[in-house]
Enquirer: 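Structure below; questions to follow.
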2 protein chains.
Amino acid sequence: MRLLVLDYLLKQSAAVSLSDLETYFHRADRITLYRSLKTFEEKGLVHSIDDGSGAVKYALCPDGCSPQEHHDLHVHFFCTRCRETFCLPKSRIPDIALPEGFSAGEVNLVMKGTCNTCRG
Amino acid sequence: MRLLVLDYLLKQSAAVSLSDLETYFHRADRITLYRSLKTFEEKGLVHSIDDGSGAVKYALCPDGCSPQEHHDLHVHFFCTRCRETFCLPKSRIPDIALPEGFSAGEVNLVMKGTCNTCRG
DNA sequence: GAATGCCCTGCAACTGCATTGCACTTTAGC
DNA sequence: GCTAAAGTGCAATGCAGTTGCAGGGCATTC
């Protein structure tokens, strides 16, 4: 079952939410898919994205992601029309100047707009 | 009641969540506070921040925010220790190069780490 | 001064998503 | 084949956001 989920993730160009999986694998249980994603995330195979749509989405990690540390310092793009979330690994997050005393760890950058297939 | 909420927001240095308000105004009802924030957001007084903590937080808009358009293109900082969210209006979000066909509207940048009062 | 209408408030309930506990099945190791 | 571990499925819970409806205060109007 998890192999099927992994295979599905490999074929996706956009990040998928739990309900997406649930719709696609209507045979399988919600919780099974949920735990599959959680396991993948623990093992460093996928990373979770909170794009503000209310549902957490998951996408495969490009490379170099270990279970301890995720290197998903790329930009995520949320299309407000098709409500898909894309990873833009080409666009790296530039350095941001922080005030005195602030030290940054993780950075989450989500851009919202229209994607190339939804542009009118 | 809404005046009290607004006064409370004025005194805050960090963004507040609905449960924060609920804790502070333990006399008032959850829904009243919720609708107050929603009304403020509609009128362009506050903007909502999704810092990934699971709860949406609200902070006063600096200026120039109209009901139609929010100009909160500043960085938000979420401290993983005290779980507070700060607005960093000094740090503007730099331009990000998007792939062909993508057009961006809203941008949400949340940095996570330790703030100046929580640094050890 | 009573009636009407509007806005605010509060109670109840619902929704959606994430999460956990428990029992059952499947798989792997010996 | 037996046992232990991992995976799966059902039920239930929790939390945050959201909406419907009823009551109350206030102003305007007649």
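All chains are named by letter (A, B, ...) in the order of the sequence lines, taking the proteins before the strands, and each is independently numbered beginning at 1. Just so it is clear, the model here is predicted, and its values are computed rather than measured.
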Enquirer: Has the side chain of A:Thr80 got a donor or acceptor atom that lies under 3.5 Å from a matching backbone atom of A:Gly113?
Expert: yes
Enquirer: Hey, can you tell me if A:Tyr8 and A:Phe25 have their rings parallel, tilted or perpendicular (30° and 60° cut-offs)?
Expert: perpendicular
Enquirer: How many whole angstroms separate atom CG of B:Leu4 from atom P of C:dC8?
Expert: 14 Å
Enquirer: Given side chains that start at C-beta, do those of B:Asp51 and B:Lys57 come closer than 4.5 Å, heavy atoms only?
Expert: yes
Enquirer: How does each nucleotide of nucleotides 11-25 of chain D score, in 5' to 3' order, for protein heavy atoms under 4.0 Å: base (B), sugar-phosphate only (S), or none (-)?
Expert: B----SBBBB-----
Enquirer: Using the C1' atoms of five pairs at each end, what's the angle between the two axes of the helix from C:dG1-D:dC30 to C:dC30-D:dG1, to 10 degrees?
Expert: 10°
Enquirer: If I take atom CD in residue B:Glu22 and atom P in nucleotide C:dT9, what distance separates them, rounded to the nearest angstrom?
Expert: 16 Å
Enquirer: Just by distance, do the side chain of B:Thr32 and the backbone of B:Ala28 share a donor-acceptor pair under 3.5 Å?
Expert: no
Enquirer: Output the rounded distance in Å from CG (A:Leu37) to C1' (D:dT8).
Expert: 15 Å
Enquirer: Round to the nearest Å and state the distance from A:Leu21 atom CG to D:dG9 atom P.
Expert: 13 Å
Enquirer: Under a 4.5 Å cut-off applied to non-hydrogen side-chain atoms, are B:His76 and B:Leu88 in contact?
Expert: no
Enquirer: Would you mind reading off the distance between B:Glu42 atom CD and C:dC8 atom P, rounded to a whole angstrom?
Expert: 11 Å
Enquirer: Can you tell me the distance, in whole Å, between the CZ atom of A:Phe25 and the P atom of D:dG7?
Expert: 16 Å
Enquirer: Between B:Thr23 and B:Asp20, is there a side-chain donor-acceptor contact under 3.5 Å, judged purely by atom types and distance?
Expert: no
Enquirer: Check whether any side-chain N or O of A:Arg2 sits under 4.0 Å from OP1 or OP2 of D:dT8, and answer yes or no.
Expert: yes
